[in-house]
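Let me begin by presenting the structure, written as structure tokens, before commenting on it.
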Amino acid sequence: MADSIESMQAEGMTFEPPAWVRDNAYLKTREEYDAMYKRSVEDPEGFWAEQADEYLFWHKKWDTVLNWEFDTPKVEWFKGGLTNVAYNCIDRHLTTWRRNKAAIIWESDEGRTKMYTYQALYYKVCKLANVLKKHGIKKGDRVVIYLPMIPELAVAMLACARIGAIHSIVFAGFSAAAMRDRIQDCGAKMIITADEGIRGGRVVPLKAEADSALYECPTVETCLVVSRARARVDMEPGRDFWYHEEVRSADISRHCEIEWMDSEDPLFILYTSGSTGKPKGVLHTTAGYLLYSAMTFKYDFDYHDEDVFWCTADIGWVTGHSYVVYGPLCVGATSLMFEGVPNYPHPGRFWEVIEKHGVNQFYTAPTAIRAIMKSGDDWPKKFDLSTLRVLGTVGEPINPEAWMWYFNVIGKGKIPIVDTYWQTETGGHLITNQPGWTPMKPGSATFPFFGIRPVVLNEDQSETPVNSGGRLCIDFPWPGMLRGTWGDAENTLVKNTYFSQFPGKYFTGDGARVDQDGYYWLLGRVDDVINVSGHRMGTAEVESALVSQPLVAEAAVVGFPHDIKGEGIYAYVILKSGVEVPKSVESILAGHVREQIGPIAKPDHIQIVPELPKTRSGKIMRRILRKIAAGERDMDTFGDITTLADPSIVKVIVDGAPKL
Ligand code: WT7
């Protein structure tokens, strides 16, 4: 990112939380945080037992607070306890004044609004839960949800939770092939989709995508279809059913009994990219996940009962799971759910929605902020943003320029920005500031949440000194952490991915440093994972999509700095010899990746190369590819390339790279 006056201003600056926010916050001083943090790490079992009592309803109390060892690894929180996520998110609010509070405010792509009180949500969830049961879904069965951001998505999650079915949401921007892989991996019995999605005025043909996926998914017995766009779609008799007809059927009751679940029964599977070619199905369980998402929600956004909270993330990602649905509903909050995009029908859409619904907490990604910044300061000025009290960011380190713009233009210099660092695997925030007390340093996620014990290590396992970069690990379990990956009872994948590089610790895959004041600064991924618009993409995943195209012999994919997306995707491709190369080969390959994974994986740049820079043992020197992708053209800057099998290839690739 180019240095601007604003980013230079932000460098080294600290911003105190404004008094008007502090005075009403749950945590007002560093001392209050310190005391609670100290307790959470010195007596984790006592601390979390107290929180579990306060935040969750228990049908039966747990036998043990925590069983763990990070060797297998195996982690259990509140084992033996019986509870239910849907009961906690809905039923128990019905006996309080919150019965008639808005649980979900839905803002559609075209600007319509629907509101669901907790009572209304209860009926919708119960009816759908009964429909699932009628179609043979039982505790432990997997249901894949492939829906746009419509209320039925939240309803479907909660209906699954109510009867103990495990949901796996596939982001509606993923392709049929990506959905097929996920359905096959988890062996789903049912899928819930829509005729079409509508985003930014454009139609997404979800049912058609689902049909082509289902062709290869014999485990799926039923497909429920929400009519979002009143489109005509093919319905296969005996397999496909309209959602609205099913829930209105005369035999469907408005009440549905709760399935009491063990704390460690699975709640959901969410597929995420790693450094291997195949996405892994991260598994979250019932009580620990819910407690952790609820508590981080309340403290890190300082949510109070009158507030309207808006997280702009799609529920297809973990951010939407934890902070559109589970965290907010567990504490009885009003959660705004937005179907649209930031720049439709105009670049002020976010600010218009904030004004329309009186949003108090607004949570989005740096990539969205950077994109909106480009359209200037006039758009936010057109709308009344005076209800805002907390701004949030998530997904990647926020660059100081975007931070300053968010702070000054959206927050008018008087609203704290919480920079929340976490992962699909962590269930909720790991490192973040809190609105009422933490002095902010733009670009730093600041301090650990309660119960989180981060350590920054050198590769030789020693702790890094102050201000020097290392690998971020967590050395004690927390309730929201993943319990495993789907289909791996031995937890081998989890062990190899997160627990083997630094034995006895959870390794995040991120680099970090701690400064002289104890602030954590995230430095980006240290593995072969890139961060495109705040979404994780495995380079190996894009590579395997590329080599599945018949023209391609070999591919190497790296990230490069991108103004809006944070990182862009750059692919180096060797074509098969002897095949006839079409003129538009780059766009054919880009289209193929889009088909295999989805639009977010489409390379920004594809360079056809005769060979890749490989060592004599055949290992690709990615360091060189990253430099070229980043725009480096000076041959003297590539360091030692004498260990390459053919050092002259570097010049060939540099010469073939786009002119700057
Ligand atoms: C990776 C996790 C759960 C958040 C949404 C993405 C990066 C996330 C931050 C932040 C610096 C961040 C990390 C992490 N990341 N938030 N505030 N500051 N980096 O979830 O797809 O599981 O990706 O996103 O690299 O490992 P995800």
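Separating the CD1 atom in I145 from the SG atom in C160 is a distance of 4.5 Å, to the nearest 0.5 Å. From L283, atom CG reaches atom OG1 of T285 across 7.0 Å, with rounding to the nearest 0.5 Å. Note that the CG atom of D195 and the NZ atom of K207 stand 10.0 Å from one another [nearest 0.5 Å]. Residue L121 holds its CG atom at 13.0 Å from NZ of K101, rounded to the nearest 0.5 Å. Here the straight-line distance linking atom CG of L493 with atom OG1 of T485 works out to 4.0 Å at 0.5 Å rounding. Distance check, rounded to the nearest 0.5 Å: CG of L132 to CD1 of I192 gives 5.5 Å.
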- Task: Decide yes or no on side chain to side chain contact (heavy atoms under 4.5 Å, CB included) for Y87 and H59, but give the supporting numbers first.
- Result: CA-CA 10 Å; Y87 186 91; H59 183 65; over 6 Å; no
- Item | Derivation and outcome, side chain to side chain contact (heavy atoms under 4.5 Å, CB included), residues I191 and C223 | CA-CA 5 Å; I191 87 156; C223 173; 3.9 Å; yes
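Between Y421 and Y520, the distance separating the two ring centers is not shorter than 6.0 angstrom. A centroid separation of less than 6.0 Å is found between the aromatic rings of F499 and F70. Ring centers of H321 and H167: under 6.0 Å apart, within the cut-off. Between Y289 and F268, the distance from one ring center to the other falls under 6.0 angstrom. Two rings, from W437 and Y26, have their centers 6.0 Å or more apart. For H93 and Y118, the ring centers are positioned less than 6.0 Å apart. Separation of the Y363 and W310 ring centroids does not fall under the 6.0 Å cut-off. Aromatic pair W68/F476: centroids less than 6.0 angstrom apart. A ring-centre distance under 6.0 Å is not found for F174 and Y271. The aromatic ring centres of F350 and F362 sit less than 6.0 Å apart. Taking the six-membered ring for Trp, F450 and W48 have ring centres at least 6.0 Å apart. You'll find the ring centres of H255 and Y122 inside the 6.0 Å limit. Taking the six-membered ring wherever Trp is involved, the centroid distance between the rings of Y323 and F301 falls below 6.0 Å.
Using a cutoff of 4.0 Å between basic side-chain nitrogens and carboxylate oxygens, D53 and K61 are scored as salt-bridged. Ion pair R228/E339 flagged as a salt bridge, since at least one NZ, NE, NH1 or NH2 atom sits closer than 4.0 Å to an Asp/Glu carboxylate oxygen. A salt bridge links E264 and R483; the closest N-O separation between the charged side-chain nitrogens and carboxylate oxygens is under 4.0 Å.
With sequence neighbours excluded, the residues that form a side-chain contact (heavy atoms from CB on, under 4.5 Å) with R536 are T272, Q423, T424, E425, R525, V529. Listed by chain and residue number, Y303, H304, N360, Q361, R389 satisfy the side-chain contact (heavy atoms from CB on, under 4.5 Å) test with D307 (two or more places apart in sequence, or in another chain). Applying the side-chain contact (heavy atoms from CB on, under 4.5 Å) rule to D475 yields the partners R453, V455, K505; only residues at least two apart in sequence or on another chain are considered.
In this structure, M537 and V532 have side chains that are in contact, with non-hydrogen atoms separated by less than 4.5 Å. A 4.5 Å side-chain heavy-atom check between D71 and K495 finds at least one atom pair inside the cut-off. With a 4.5 Å cut-off on side-chain heavy atoms, P148 and L153 do not count as touching.
No hydrogens or angles considered: nothing links the side chains of H135 and E221 as a donor-acceptor pair under 3.5 Å. For the 3.5 Å distance criterion, the side chains of S322 and S293 fail to qualify, holding no donor opposite an acceptor. Checking T113 against K356 by side-chain atom types alone, a donor-acceptor pair falls below 3.5 Å. For Q434 and D300, the side-chain atoms include at least one donor-acceptor pair closer than 3.5 Å. For Y498 and T508, the side-chain atoms include no donor-acceptor pair closer than 3.5 Å.
The neighbour count for K278 NZ, taken as heavy atoms of other residues, nucleotides or ligands under 6.0 Å away, does not exceed 12. Few gaps surround CD on E69; more than 12 heavy atoms of other groups in view lie less than 6.0 Å from it. Heavy atoms from other residues, nucleotides or ligands lying under 6.0 Å from NZ of K74 number 12 at most.
Of the possible donor and acceptor atoms, one in the side chain of Y292 sits under 3.5 Å from a partner among the backbone N and O of H429. With hydrogens and angles ignored, the 3.5 Å screen pairs a side-chain donor or acceptor of T193 with a backbone N or O of Y146. For the pair R182 (side chain) and A178 (backbone), a donor-acceptor distance under 3.5 Å is present. At distances below 3.5 Å, at least one donor-acceptor pair connects side-chain atoms of N88 with backbone N or O atoms of F57.
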